[in-house]
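Working notes, structure below.
Every number for a ligand or one of its atoms is a count from 1 in the order of the listing. Fair warning: this is a prediction, and the values are worked out from it, not measured in the lab.
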Amino acid sequence: MNDHEDMERTEHHPFERNKGMLVVISGFSGSGKGTLMKQLMENYDYYSLSISATTRAPRPGEQEGREYFFVSRERFMEMIQNDELLEYAKYVDNYYGTPRSYVEQEMARGKDVILEIEMQGALKIKAKYPESVLVFITPPTVEELIARLRKRGTETEDVIRKRLEKAAMEAEGIEAYDYILVNDNLDKTAKHLNYLIQDQHMRVRSQIAFLERIRKELRVNYAYMNQ
Ligand code: 5GP
């Protein structure tokens with residue numbers, strides 16, 4: 001598919017972008033979802049990626065404020081106390097949470113905000129925001145998953161084992177998600193993900209303002225023709 005077709009596909013609906021959507025992306029550690037998010041942000045300008053706060057140490061190459069806000073446990077607890085987090089969860093010995101203010105600000109600007117978070121957080125978001133869309137990303141096979149975790153080279157075998165154990169647990173909860181996407185090819189999966197999200201704007205319940213306008217115009221025209 002070329003860029004032109006891609007644009008047509010995403011801009012074919014006439015709806016106003018009054019308020020953005022909340023999109024939750026989860027996937028097994030090693031599903032390639034981080035790279036997928038980068039691709040999505042580079043290709044389309046109507047998304048904003050939420051940067052989480054975490055108590056885990058930065059991996060080599062990670063930058064403060066780009067991958068995460070790296071905070072102390074004390075600061076994280078303070079954020080919880082002050083209601084600064086939209087949701088948070090403990091994942092393999094560390095805390096991760098979504099700062100509230102950025103998400104609210106970006107949605108108000110009409111951006112679709114992407115939260116790349118794990119399953120417990122995803123479920124909390126769905127409970128608070130039933131209109132949010134939950135997408136689960138998976139590699140084609142478990143063999144591929146293990147290979148990707150090893151290739152990363154930044155985790156010890158013990159951490160890899162813990163992440164696989166976590167993946168096995170998470171696999172039991174995927175039914176709570178709205179969509180599952182197999183990440184077998186980065187470009188293709190990024191395009192699919194974009195279609196999937198943009199098509200959500202066509203849900204009737206996302207377009208109440210548009211519907212109201214059409215109804216009003218119909219009434220006005222009908223009244224005019226009956227004069
Ligand atoms: P990692 O340490 O590999 O960067 O992330 C571990 C897990 O934490 C991933 O599944 C990631 O999606 C999740 N995660 C990252 N930020 C957040 C967050 O703000 N909230 C929750 N609930 N999970 C998060």
Discussion item. Salt bridge or not between Lys38 and Glu42? Use side-chain N to carboxylate O under 4.0 Å.
Written reply: no
Discussion item. Please list all pairs meeting ring-ring contact (aromatic ring centres under 6.0 Å, His included) that have one or both residues in residues 120-143, counting only residues at least two apart or in different chains.
Written reply: Phe28-Phe136, Phe136-Tyr177
Item to complete: Locate the shortest heavy-atom distance separating Leu36 from Ile137; write the atom from each residue and the value.
Response: CD2-CD1, 3.6 Å
Discussion item. Looking only at side-chain N and O atoms, does Tyr44 offer a donor or acceptor that is under 3.5 Å from a partner on Asp112?
Written reply: no
Item to complete: Sort out the contact shell of ligand 1: every protein residue with a heavy-atom distance below 4.0 Å, listed by chain and number.
Response: Lys33, Ser52, Arg56, Arg59, Tyr68, Glu87, Ala89, Tyr91, Tyr96, Gly97, Thr98, Glu116, Ile117, Glu118, Gly121, Arg163
Worksheet entry | All pairs passing salt bridge (charged side-chain N to carboxylate O under 4.0 Å, His left out) where residues 116-125 contributes a residue, at least two apart | Lys33-Glu116
Worksheet, complete the sentence: residues 159-168 vs side-chain hydrogen bond (donor to acceptor under 3.5 Å, both in side chains), sequence neighbours excluded, gives Ser29-Arg163, Asp93-Lys162, Asp158-Arg161
